[in-house]
Amino acid sequence: MKMTQFYLPTLKENPTEAEIVSHQLMLRAGLIRKLSAGIYTYLPLGMRVLRKIENIIREEMTRAGAQEVLMPSLQPAELWQESGRWEIMGPLMARLQDRKCHDYCIGPTHEEVVTDLVRHEVNSYKQLPLNLFQIQTKVRDEIRPRFGVMRSREFIMKDAYSFDKDQEGLDLSYQKMYDAYTRIFQRIGLRFRAVEADSGAIGGSSSHEFMVLADSGEDAIVFCDNCQYAANVERAESMVSLEDGCEELKELAKVSTPDVKTIDNMVEFFNLPAGKMIKTLAYVAGKTMIIALIRGCDEVNEVKLRNQLNAVDVRLASDEEVLERFSAPVGFLGPIGLKDIRIIADPLVMKIQNGVTGANQMDYHYRHVNPGRDFTVREEDIIDLRIVKEEDSCIHCNEPLKVARGIEVGHVFKLGTKYSEAMNATFLDENGKEQPLIMGCYGIGVTRIIGAAIEQNNDEHGIIWPMPIAPFHVVIIPIGKDEEVSRVAEQVYTDLDNRGIEVLLDDRNERPGVKFNDADLIGVPVRVVIGGRGLKENRIEVKFRGTGDELKVAVEEIVDFITDQVESQLV
RNA sequence: CCGGCUGUAGCGCAGCUUGGUAGCGCGCUUGCUUCGGGAGCAAGAGGCCCCGGGUUCAAAUCCCGGCAGCCGGACCA
């Protein structure tokens, strides 16, 4: 490709709307342009990267035995009503009506459609296992799109769905996808980590997320350097060894504590560590209010709470709701004397001795609070509620845990029969008995990978593409107006092209500095500079964007040399 | 959804306090020079100053109402 014929609008200055480096560079390097919040056009350069990523995914999915299909974006409401998600999805789903006033949505995901497809066509265990995938645009009306393609409202996703006759089959299908994902992200050249994940709204049991390590990541992941444990903080557990206390239990006492509203206030007022405080949080799950108890030094993991309550919409109660229910303002709540309300407590709370908590009365707290004596919690509602913190001990090996940021680029789930049962997708087993299909689903954020890759591979000059997803393998920069320079540049360009190397020839009538800077910005891995100066010595200059290594190669050897270099990095 | 900030040329911004000829840098066009890390000189093109209403002789500027974008938050009691 010659640059004079390639639509590549690069920007010198950073658009103000872009905050993180990948977003800035995608705009500056001419990969994308914004149409609306969270909605982007992919320009030719961005398209080339997108296609590279898609093709790697395609190859590995096919290798793992999945078959490609393409399902509709426009989906009838009936299907979603059948699975029950027409309501559950809420405002996340973009909805519309056709001219006959029938409801439709633009697919945020495709479990319903694929289940519908398969229930019509698969009747026998002999047709299983089956794994179908597609690379498709999804639309989700995100609360707040941000960071360019990282969290956009329209994005491209690879989604695969497996169907098996039994649990063992699902386990195998799941493992195949897990392995395929590992290969995919390795080939793309990302530094990533697979972590245990909460399965969230999609449902199902076991699940792993593939996280690209980056400080700008929206997720926090917890991992252990000593063993293999790694989990999303939403799910992560840690060990806190707290011996049973041996303090003498003192008598419960109500204390006047004007203006002591926060844990910090309490620590100061009572001169006790935050670990002695019983933080009492009121939540609303659906329409019922519940209480969560956690130590003052800990924080509630709402995902764990939500799972325990088996509810989707769990939120902190508002100040007004708290005041109405407890006749005490936020800051003075406590579990003592509460009736007719479910209490969920972290086990560490139950070990506190002579602790402090609110008295459900403005400006009063209780001291010398002893769980079990002064209030009780049902055994099944004493569950781990904590958010794991850095330096907590690993639940497997007791070594200190670390916390890092990650960008979720892949997620694999074991769905089980959630959708097949809801939508009556069944097959006849060996005994002629009707059984629901056992499903798994597996997603990769294709467009998000572009952003994630740039987050990991950039410097002050621009993007540094890993060879397998680089939009071009090589950029040739002729310097000066010398006839000989253009002749050699043209020749090298043609020869490399014939070898199957993807070459960009910067044939613009621009000054060298402009060409160098654009080459750095768009991040082509190999730069070939052909100038009159070098040609006099029969030399062409090669520079590698990643390492910065620079060397001179004889004119007659340049094509072989470059070909070898590119191919060695493509494996 | 809540809070903050911002909407002026393709991009980055100034002008708004104190109402009166719409500006700067980059980019773009043309010419000449230049040509190994974002060149110089000269001449140009390009604006519904986010939208609607109001005040005023007069509004980018003041007032009211929208809309859009960005950032933070949407849990710590």
Side-chain angles (χ1 to χ4, degrees), chain A residues 9-20 23-24 27-28 30 33-39 90-91 141-148 234 257 259-267 274 277-284 291-306 314-319 321-323 326 328-335 346 356-360 362 365 385-387 460-462 477-482 485 506 508-521 527-536 539-541 543 550 552:
Chain A
T10 58
L11 264 29
K12 255 189 204 178
E13 290 170 286
N14 262 332
T16 31
E17 68 189 47
E19 187 75 3
I20 63 171
H23 188 194
Q24 293 172 346
L27 290 166
R28 283 193 41 202
R33 286 293 181 264
K34 184 176 74 172
L35 176 63
S36 181
I39 303 181
D141 190 0
E142 292 283 348
I143 297 176
R144 188 146 101 71
R146 64 178 105 187
F147 302 148
E234 291 179 344
T257 54
D259 282 331
V260 177
K261 292 177 188 162
T262 65
I263 294 294
D264 287 347
N265 294 158
M266 287 163 72
V267 167
M277 312 301 170
I278 301 172
K279 194 152 67 178
T280 306
L281 272 20
Y283 280 89
V284 178
I291 288 290
L293 301 181
I294 192 107
R295 292 189 305 169
C297 56
D298 292 330
E299 292 180 11
V300 168
N301 182 328
E302 286 191 355
V303 173
K304 292 176 181 175
L305 183 64
R306 193 171 302 145
V314 174
R315 60 172 176 86
L316 215 54
S318 69
D319 290 2
E321 287 167 323
V322 167
L323 198 57
F326 301 98
V330 156
F332 299 97
L333 298 192
D346 186 86
V356 178
T357 195
N360 295 322
M362 170 89 134
H365 281 80
L385 271 185
R386 304 174 59 244
I387 292 184
E460 68 273 26
H461 302 293
I477 301 182
I479 303 274
K481 290 188 168 158
D482 194 343
V485 166
D506 193 346
R508 295 175 299 174
N509 182 22
E510 284 288 354
R511 303 174 62 80
V514 174
K515 296 184 179 185
F516 290 144
N517 282 311
D518 274 343
D520 286 349
L521 177 62
R527 189 186 80 184
V528 175
V529 175
I530 302 177
R533 232 197 255 165
L535 284 186
K536 284 205 186 78
R539 290 283 187 269
I540 288 173
E541 180 187 304
K543 186 170 182 180
E550 209 169 335
K552 296 194 180 354

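Chain letters run A, B, ... following the sequence lines, proteins first and then strands; every chain starts at 1. Treat the numbers as computed from the prediction; the structure is a model and nothing was measured.
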Participant: Determine the Euclidean distance between corresponding C1' atoms of B/U56 and B/U61; express it in Å to zero decimal places.
Facilitator: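 Nearest-Å result for B/U61 against B/U56 at atom C1': 13 Å.
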
Participant: Select one nucleotide: of B/U34, B/A77, B/C13, the one nearest the side-chain heavy atoms of A/T262.
Facilitator: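 Of all the options, the side chain of A/T262 is nearest to B/A77.
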
Participant: Counting distance only, does the side-chain N/O of A/T357 pair as donor-acceptor with the main-chain N or O of A/I278 below 3.5 Å?
Facilitator: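 Present.
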
Participant: Any strand counts, and the cut-off is 3.5 Å on both contacts for Watson-Crick or G-U wobble. Which nucleotide pairs with B/C32?
Facilitator: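 In the structure as shown, B/C32 has B/G40 as its Watson-Crick or wobble partner.
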
Participant: Let me know the distance between CZ of A/R511 and C1' of B/G40, rounded to the nearest Å.
Facilitator: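 So the two atoms are 9 Å apart, to the nearest Å.
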
Participant: Starting at the 5' end of RNA chain B, which residue's closest nucleotide do you reach first, A/L535 or A/L316?
Facilitator: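 Nearest-nucleotide comparison on RNA chain B picks A/L535.
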
Participant: Can you tell me the pairing partner of B/A77 across any strand shown, Watson-Crick or G-U wobble, with both distances under 3.5 angstrom?
Facilitator: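 With both distances under 3.5 Å required, B/A77 matches none.
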
Participant: Counting only side-chain heavy atoms from C-beta out, which of B/G37, B/C70, B/A77 sits nearest to A/F516?
Facilitator: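 Nearest listed nucleotide: B/G37.
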
Participant: With rounding to the closest Å, how many angstrom separate the P atoms on B/A43 and B/C62?
Facilitator: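 So the two P atoms sit 36 Å from each other.
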
Participant: Taking atom types as they are modelled, would you say the side chain of A/K12 forms a donor-acceptor pair with the base of B/C26 within the 3.5 Å cutoff?
Facilitator: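 Such a pair does not exist between side chain and base.
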
Participant: Where the side chain of A/N360 meets the backbone of A/A328, is there a donor-acceptor pair that is under 3.5 Å apart?
Facilitator: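 Checked: no pair found.
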
Participant: Expressed in angstrom and rounded to an integer, what is the separation of A/I530 atom CD1 from B/G36 atom C1'?
Facilitator: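 It works out to 13 Å between those atoms.
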
Participant: Donor-acceptor pair under 3.5 Å: do we get one between A/R144's side chain and the base of B/G72?
Facilitator: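 Side chain to base: pair present.
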
Participant: For atom P, what is the distance between B/C16 and B/U21, given to the nearest Å?
Facilitator: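 Result for the P pair: 13 Å, nearest Å.
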
Participant: B/C70 pairs with which nucleotide, Watson-Crick or G-U wobble, both distances below 3.5 Å?
Facilitator: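 Paired with B/C70, as far as the under-3.5 Å criterion goes, is B/G4.
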
Participant: Toward the 5' end of RNA chain B, which comes first, A/M266 or A/I143, by nearest nucleotide?
Facilitator: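 That would be A/I143.
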
Participant: Atom NZ of A/K34 and atom P of B/A68: how far apart are they, to the nearest Å?
Facilitator: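 So the two atoms are 12 Å apart, to the nearest Å.
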
Participant: Any base atoms under 4.0 Å from A/L293, or only sugar-phosphate, or nothing? Heavy atoms, all strands.
Facilitator: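 No contact at all - A/L293 keeps every heavy atom at 4.0 Å or more from the nucleic acid.
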
Participant: Give the rounded distance in Å between these two atoms: CD1 of A/I477 and C1' of B/G36.
Facilitator: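 Taking atom C1' of B/G36 as the reference, CD1 of A/I477 is at 10 Å.
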
Participant: Look at the side chain of A/D346 and the backbone N and O of A/L385, then say whether any donor-acceptor pair between them is shorter than 3.5 Å.
Facilitator: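 Yes, because the side chain of A/D346 sits within donor-acceptor range (under 3.5 Å) of the backbone of A/L385.
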
Participant: Would you mind telling me which of B/A77, B/G69, B/C71 lies closest to the side-chain atoms of A/L333?
Facilitator: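 Between B/A77, B/G69, B/C71, the one nearest the side chain of A/L333 would be B/A77.
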
Participant: Using the C1' atom as the reference point in each nucleotide, state the distance between B/G73 and B/A60 in Å, no decimals.
Facilitator: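 After rounding to an integer number of Å, I get 33 Å for this pair.
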
Participant: Indicate yes or no for a side-chain donor-acceptor contact from A/T262 to the backbone of A/N265 under 3.5 Å, with no hydrogens or angles considered.
Facilitator: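 Yes, A/T262 side chain to A/N265 backbone: donor-acceptor pair under 3.5 Å.
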
Participant: Backbone N or O of A/K543 within a donor-acceptor pair of the A/R527 side chain at under 3.5 Å?
Facilitator: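 A pair under 3.5 Å: no.
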
Participant: Between A/D520 (side chain only) and A/H461 (backbone N and O only), is there a donor and an acceptor less than 3.5 Å apart?
Facilitator: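 Checked: no pair found.
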
Participant: Should the side chain of A/E541 and the base of B/G36 be counted as holding a donor-acceptor pair, with the cut-off at 3.5 Å?
Facilitator: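 In this structure, the two groups form a donor-acceptor pair.
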
Participant: Could you work out which one of B/C76, B/C71, B/A39 sits closest to the side chain of A/L281?
Facilitator: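 Of the options given, the side chain of A/L281 lies nearest B/C76.
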
Participant: Is there a Watson-Crick or G-U wobble partner for B/C49 with both distances under 3.5 Å, and if so, which one is it?
Facilitator: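 Check on B/C49: unpaired, no WC or wobble geometry under 3.5 Å.
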
Participant: Mind checking the P distance from B/C49 to B/G7? Whole angstroms is fine.
Facilitator: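 Straight-line distance between the two P atoms is 15 Å.
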
Participant: Of the options B/A39, B/A77, B/G69, whose atoms approach the side-chain atoms of A/V514 most closely?
Facilitator: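 Among B/A39, B/A77, B/G69, the one nearest the side chain of A/V514 is B/A39.
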
Participant: Rounded to whole Å, please give me the gap between CZ in A/R28 and C1' in B/G12.
Facilitator: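 That distance rounds to 12 Å.
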
Participant: Base, sugar-phosphate, or nothing for A/N14, non-hydrogen atoms under 4.0 angstrom?
Facilitator: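 Counting heavy atoms under 4.0 Å across all strands, the contact made by A/N14 is with sugar-phosphate only.
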
Participant: Take A/R386 and A/E299, measure what salt bridge (Lys or Arg N to Asp or Glu O under 4.0 Å) needs, and give me the verdict at the end.
Facilitator: CA-CA 6 Å; A/R386 304 174 59 244; A/E299 292 180 11; over 6 Å; no

Participant: Please report the distance separating the P of B/C35 from the corresponding atom of B/A22, rounded so that it comes out in whole Å.
Facilitator: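 Going atom to atom, P in each nucleotide, I get 42 Å.
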
Participant: Of all the choices, B/U34, B/G12, B/C76, which nucleotide is nearest to the side chain of A/V300 once you look at every atom?
Facilitator: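 Out of B/U34, B/G12, B/C76, the nucleotide with an atom closest to A/V300's side chain is B/C76.
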
Participant: I want to verify a distance call: between B/G36, B/G12, B/A39, whose nearest atom is closest to the A/T16 side chain?
Facilitator: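 Among B/G36, B/G12, B/A39, the one nearest the side chain of A/T16 is B/G12.
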
Participant: Rounding to an integer number of Å, can you tell me how far A/R146 CZ sits from B/A74 P?
Facilitator: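 Roughly 10 Å, once rounded to whole Å.
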
Participant: For a quick check of understanding: with a heavy-atom distance under 4.0 Å over all strands, which category does A/R33 fall into, base, sugar-phosphate or nothing?
Facilitator: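 Contact class for A/R33: none.
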
Participant: At under 4.0 Å between heavy atoms, what does A/E299 touch on the DNA or RNA strands: base, sugar-phosphate, or nothing?
Facilitator: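 Base, at least one base atom sits under 4.0 Å.
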
Participant: Using purine N1 to pyrimidine N3 plus N6-O4 or O6-N4 for Watson-Crick, or N1-O2 and O6-N3 for G-U wobble, both under 3.5 Å, which nucleotide pairs with B/A14?
Facilitator: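 Pairing partner, where one exists within any strand: none, as none qualifies.
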
Participant: Check every atom of B/C11, B/G37, B/C76 against the side chain of A/E13 and return the nucleotide holding the closest atom.
Facilitator: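 Taking heavy atoms from C-beta onward, the closest nucleotide is B/C11.
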
Participant: So, does A/K279 use its side chain to make a donor-acceptor pair with the main chain of A/D298 at under 3.5 Å?
Facilitator: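 Yes; judged by distance alone, with no hydrogens or angles, the pair exists.
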
Participant: Between A/K261 (side chain only) and A/F332 (backbone N and O only), is there a donor and an acceptor less than 3.5 Å apart?
Facilitator: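 Side chain of A/K261 to backbone of A/F332: no pair is present.
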
Participant: With rounding to whole Å, what would you report as the distance between B/A9 and B/G27 at their C1' atoms?
Facilitator: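 Going atom to atom, C1' in each nucleotide, I get 11 Å.
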
Participant: Could you check whether A/K279 gets within reach of a base, just the sugar-phosphate, or nothing at all, counting any heavy atom under 4.0 Å?
Facilitator: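 If one applies the 4.0 Å heavy-atom cut-off, A/K279 turns out to touch a base.
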
Participant: With heavy atoms under 4.0 Å as the rule, sort A/Y283 into base, sugar-phosphate or nothing.
Facilitator: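 Base contact.
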
Participant: When the C1' atoms of B/G25 and B/U17 are compared, how many Å lie between them, rounded to an integer?
Facilitator: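 After rounding to an integer number of Å, I get 25 Å for this pair.
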
Participant: Syn or anti for B/U17, given that syn means the glycosidic angle lies within 90° of 0?
Facilitator: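 Anti conformation for B/U17.
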
Participant: Give the rounded distance in Å between these two atoms: CZ of A/R315 and P of B/C2.
Facilitator: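 So the two atoms are 14 Å apart, to the nearest Å.
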
Participant: Which nucleotide, in any strand shown, forms a Watson-Crick or G-U wobble pair with B/A60, with both distances under 3.5 Å?
Facilitator: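 Partner of B/A60: none.
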
Participant: Take atom CG of A/D518 and atom P of B/G36, then tell me their distance rounded to the nearest Å.
Facilitator: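 After rounding, the gap between these two atoms is 17 Å.
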
